[in-house]
2 protein chains.
Amino acid sequence: MSVTVHDVARRAKVSISTVSRVLNGSAPVSQEKRERVMEAVEALGFTPNPIARSLLKHKTGTIGAVLPYITGEFFAELLCGLDEAAHMHKQVLMVSASHRLEPEFRAALQNLMHRVDGLVVMAPELDARQVLSITGQRLPVVFLNTHVDALGVFAVNFDNRGGMQALTEHVISAGYDRIAFIKGPEDARDAQERLHGFREGLHQKSIPYQEYEGDFSAERGYDAALRIMRTVPRSSAIMAANDLSALGALRALLESGLRVPEDMALTGFDDIPSTRFSTPSLSSVNVPIRILAARAVHTLVDCLKKPNTNGFVHLEPLTIKLRESTIRPDRRAALGISPSLENLFKTS
Amino acid sequence: MSVTVHDVARRAKVSISTVSRVLNGSAPVSQEKRERVMEAVEALGFTPNPIARSLLKHKTGTIGAVLPYITGEFFAELLCGLDEAAHMHKQVLMVSASHRLEPEFRAALQNLMHRVDGLVVMAPELDARQVLSITGQRLPVVFLNTHVDALGVFAVNFDNRGGMQALTEHVISAGYDRIAFIKGPEDARDAQERLHGFREGLHQKSIPYQEYEGDFSAERGYDAALRIMRTVPRSSAIMAANDLSALGALRALLESGLRVPEDMALTGFDDIPSTRFSTPSLSSVNVPIRILAARAVHTLVDCLKKPNTNGFVHLEPLTIKLRESTIRPDRRAALGISPSLENLFKTS
DNA sequence: TTGTAGGCGTTATCAC
DNA sequence: GTGATAACGCCTACAA
């Protein structure tokens with residue numbers, strides 16, 4: 001089947017250890033044999049089997065990632081950060097999607113566990129303790145946007161609650177006085193945090209609000225917006241738990257002939273690229289997920305190098321991005337808000 | 001370190017073979033010992049090491065993918081198709097990005113080769129023969145959007161040339177009579193095919209046109225549009241080799257105060273989600289990349305099952321999507337073109 | 001400097 | 001039914 005060190009050794013008329021030594025430079029080899037080995041490697045097209053190597057060395061040169069999804073703009077950015085950072089450390093990247101399902105998550109973890117040196121895990125529907133009870137201290141794990149309830153754990157999180165609170169305060173200060181909120185999945189901690197941020201943002205002021213079911217998808221955002229429009233008295237603003245929901249809601253609003261933000265303001269969360277391309281462009285909370293994903297990988301690689309390090313939880317503060325969907329046209333110029341002025345593609 | 005069959009065997013007071021038999025159901029085991037083994041597996045939290053298993057069985061349960069990039073909306077969709085299909089076949093997915101660089105591509109391939117049972121490869125800057133000279137017949141490869149020049153090769157391609165030709169004919173028939181084309185990377189076969197489609201679309205008519213350098217990025221699309229606007233006599237339409245370039249160009253047009261399509265029509269290619277959210281929405285060529293990616297995986301899994309199959313090349317025909325960027329406002333209603341009428345998120 | 005032998009964790013093939 | 005034992009492809013003492 002595949003060509004092995006034995007084949008190379010036979011052809012070069014040396015022992016397999018010599019072949020290994022030439023390949024890894026682990027010990028001096030005479031010039032003559034070295035050349036014979038090189039020739040044989042070349043001729044046979046030999047490449048060492050990293051599987052066999054890792055069985056022996058307990059190192060795979062691979063890092064794994066388990067994410068809820070790998071689709072959509074948000075996860076595309078996330079993947080890119082993981083890939084770039086992994087590449088930087090000469091590690092191969094293995095990715096699995098859990099689809100927010102616990103059995104699938106468990107299966108992905110089991111599959112990856114022995115194949116990788118370490119794991120980046122994003123599981124907003126679980127918490128660090130639950131994940132670690134599956135991996136069982138066997139390999140280093142760095143969490144990303146995942147609730148941490150245990151000590152000595154590494155995590156790169158961002159301030160979902162604070163971001164949404166800031167955005168809520170902006171919406172209120174822009175004069176919207178009756179706000180509907182489209183929630184994320186009930187069981188997702190990040191969705192809960194965003195909801196809490198929203199509630200806290202409203203807390204001081206006595207702004208009326210309602211909450212609507214959602215699941216981070218555009219479809220449910222669309223449905224929620226239909227329900228919101230039917231509710232009397234009607235809200236003057238919709239805040240969605242993420243951009244995709246907001247974009248779905250936007251479609252419902254436009255189909256109903258409402259103007260955004262004149263008839264109904266709208267906000268998202270994540271600041272995915274489409275927020276800049278939509279009409280109107282969408283106010284949101286920027287999540288520098290690419291950078292954070294890379295940071296998670298860097299942290300993981302550090303763990304791999306010195307395993308006895310203590311854990312820490314990074315909490316990235318988030319900034320809000322104000323765009324057309326919350327700023328009435330007559331106020332945009334003063335605030336420098338314009339579709340043509342915002343840089344559409346450079347990293348913001 | 002990690003718990004092995006030996007640990008389980010010792011605790012259950014049986015031999016390792018019995019443990020293996022219980023785990024794999026490969027031979028009958030007495031009820032009593034079976035239970036002892038199960039208990040030990042549970043207590044020790046044992047999970048079999050797939051690395052060791054694959055070393056022996058020459059099967060990894062993993063399929064690999066090498067793509068130019070894993071960023072951006074197009075590749076996000078592609079990844080999703082790969083993931084879904086792999087999941088359906090109970091295969092783990094490993095992804096590597098080549099960044100269109102030959103050495104990186106080679107490295108990714110080397111890394112993946114021994115770790116996976118088969119490969120999905122997208123390498124528009126190379127061709128099937130070159131890729132196969134690296135993998136060397138060792139494992140099945142299914143190509144995706146990659147030029148095939150060898151026999152007996154599996155490929156899932158789509159009709160870049162035909163799609164662009166159809167779109168060009170639409171632009172001409174919509175009355176635009178001076179067209180600028182923003183090219184993709186010189187060395188990418190898909191970019192060349194799109195360029196050829198454009199040229200053929202113009203061939204019959206004597207429409208003047210110019211071609212401008214680009215590389216599939218929004219940045220270069222922006223730059224190209226600036227050059228196009230400076231050229232006298234000015235074009236009345238810009239066709240870009242992909243959506244991202246077009247979106248970059250759109251920004252340049254809007255910044256210059258031009259109206260699209262009244263002053264300048266614009267088209268893309270790929271039909272990524274952002275084409276629907278941009279202002280104006282972007283006419284493009286739909287590439288059902290998610291479905292095609294899944295098809296590539298299905299083909300690969302078929303190959304894995306019966307390796308002696310002959311190759312074939314699938315060529316998916318592409319359909320054009322007409323939106324606001326090529327239809328003047330007064331004609332939109334008649335054609336049913338409206339931002340609010342197009343389904344923004346359901347699969348089109 | 002070079003070769004031999006043992007082992008990484010698993011499964012398959014033998015005997016018993 | 002069950003338990004040794006030999007692979008799988010590689011690396012690394014250890015011996016020569």
Side-chain angles (χ1 to χ4, degrees), chain A residues 1-38 40-41 44-62 110-117 136 138-139, chain B residues 1-38 40-41 44-62 110-117 136 138-139:
Chain A
M1 181 72 87
S2 68
V3 14
T4 77
V5 274
H6 291 95
D7 302 317
V8 175
R10 196 175 318 124
R11 187 181 222 273
K13 297 190 196 308
V14 296
S15 73
I16 57 166
S17 9
T18 302
V19 175
S20 173
R21 282 190 275 258
V22 171
L23 261 43
N24 302 292
S26 50
V29 174
S30 72
Q31 182 64 22
E32 181 204 347
K33 300 206 173 185
R34 154 171 280 108
E35 279 167 6
R36 289 220 304 273
V37 170
M38 304 281 264
V41 165
L44 269 38
F46 170 79
T47 54
N49 183 338
I51 294 270
R53 176 181 285 167
S54 66
L55 185 58
L56 198 58
K57 310 243 297 185
H58 293 283
K59 280 281 168 246
T60 63
T62 305
Q110 304 274 23
N111 254 319
L112 251 40
M113 271 211 302
H114 297 270
R115 298 181 202 269
V116 303
D117 297 337
R138 263 196 284 271
L139 76 177
Chain B
M1 182 73 87
S2 69
V3 16
T4 77
V5 275
H6 291 94
D7 303 316
V8 175
R10 195 175 317 124
R11 188 180 221 273
K13 296 190 199 308
V14 296
S15 73
I16 55 166
S17 338
T18 302
V19 175
S20 175
R21 281 191 275 259
V22 171
L23 261 41
N24 301 291
S26 50
V29 175
S30 73
Q31 183 64 20
E32 181 205 347
K33 300 206 171 181
R34 154 171 281 109
E35 279 168 7
R36 289 220 305 273
V37 169
M38 304 281 265
V41 165
L44 270 39
F46 169 78
T47 54
N49 184 337
I51 294 269
R53 175 181 287 166
S54 64
L55 185 58
L56 197 57
K57 311 237 302 183
H58 294 284
K59 279 282 166 244
T60 63
T62 306
Q110 304 275 23
N111 255 320
L112 251 39
M113 271 211 302
H114 297 271
R115 298 182 202 267
V116 303
D117 297 336
R138 263 196 283 271
L139 77 177

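Keep in mind the model is a prediction, meaning the values are calculated, not measured. In what follows, every chain begins at residue 1, and chains take the letters A, B, ... in the order their sequences are listed.
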Under 4.0 Å from OP1 or OP2 of [N]: is there any side-chain N or O of [X] that close?
{"X": "K57(B)", "N": "dA7(D)", "value": "no"}
{"X": "T18(B)", "N": "dG3(D)", "value": "yes"}
{"X": "S15(A)", "N": "dG3(C)", "value": "yes"}
{"X": "S17(B)", "N": "dT2(D)", "value": "no"}
{"X": "N49(A)", "N": "dC8(D)", "value": "no"}

Whole-Å distance between [N] [atom2] and [X] [atom1]?
{"X": "L56(B)", "N": "dC8(C)", "atom1": "CG", "atom2": "C1'", "result": "13 Å"}
{"X": "H114(A)", "N": "dG9(C)", "atom1": "NE2", "atom2": "C1'", "result": "10 Å"}
{"X": "I51(B)", "N": "dT10(C)", "atom1": "CD1", "atom2": "C1'", "result": "12 Å"}
{"X": "E32(A)", "N": "dT1(C)", "atom1": "CD", "atom2": "P", "result": "13 Å"}
{"X": "L55(A)", "N": "dC8(C)", "atom1": "CG", "atom2": "C1'", "result": "4 Å"}
{"X": "K59(B)", "N": "dG9(D)", "atom1": "NZ", "atom2": "P", "result": "14 Å"}
{"X": "M113(B)", "N": "dG9(D)", "atom1": "CE", "atom2": "C1'", "result": "15 Å"}
{"X": "R53(A)", "N": "dC11(D)", "atom1": "CZ", "atom2": "C1'", "result": "9 Å"}

Given the rule in the side-chain contact (heavy atoms from CB on, under 4.5 Å) test, do H114(B) and T60(B) qualify, once you have shown the distances and angles that lead to the verdict?
CA-CA 9 Å; H114(B) 297 271; T60(B) 63; over 6 Å; no

When you measure from the side chain of I16(B), which nucleotide among dC10(D), dT5(D), dC8(D) comes out closest?
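Selected nucleotide: dT5(D).
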
The side chain of R21(B) lies closest to which of these nucleotides: dC8(C), dG3(D), dG9(C)?
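Selected nucleotide (nearest to the side chain): dG3(D).
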
Determine to 10° how strongly the helix from dT1(C)-dA16(D) to dC16(C)-dG1(D) is bent, judged from the axes of its five-pair ends.
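The angle, to the nearest 10 degrees, is 50°.
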
Are a donor atom and an acceptor atom from the side chains of T18(A) and S15(A) found within less than 3.5 Å of each other?
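Side-chain D/A pair, T18(A) to S15(A): present.
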
To the nearest 0.5 Å, what is the distance between [atom1] ([X]) and [atom2] ([Y])?
{"X": "T4(A)", "Y": "R10(A)", "atom1": "OG1", "atom2": "CZ", "answer": "7.0 Å"}
{"X": "N49(A)", "Y": "S2(A)", "atom1": "CG", "atom2": "OG", "answer": "6.5 Å"}
{"X": "T62(A)", "Y": "L112(B)", "atom1": "OG1", "atom2": "CG", "answer": "9.0 Å"}
{"X": "R53(B)", "Y": "L23(B)", "atom1": "CZ", "atom2": "CG", "answer": "7.5 Å"}

Using a heavy-atom cut-off of 4.0 Å across all strands, would you classify [X] as base, sugar-phosphate, or nothing?
{"X": "P48(A)", "answer": "sugar-phosphate"}
{"X": "H6(B)", "answer": "base"}
{"X": "S20(A)", "answer": "base"}
{"X": "V29(B)", "answer": "sugar-phosphate"}

Does NZ belonging to K59(A) count more than 12 external heavy atoms closer than 6.0 Å?
yes

I'd like to know whether V14(A) forms a side-chain contact (heavy atoms from CB on, under 4.5 Å) with R21(A), so could you lay out the CA-CA distance, the side-chain angles of the two residues, the decisive distance to 0.1 Å, and finally the verdict.
CA-CA 11 Å; V14(A) 296; R21(A) 282 190 275 258; over 6 Å; no

By nearest-nucleotide position on DNA chain D, the 5'-leaning member of A52(B) and K13(B) is K13(B)

Has the side chain of R34(B) got a donor or acceptor atom sitting under 3.5 Å from an opposite partner on the base of dG1(D)?
no

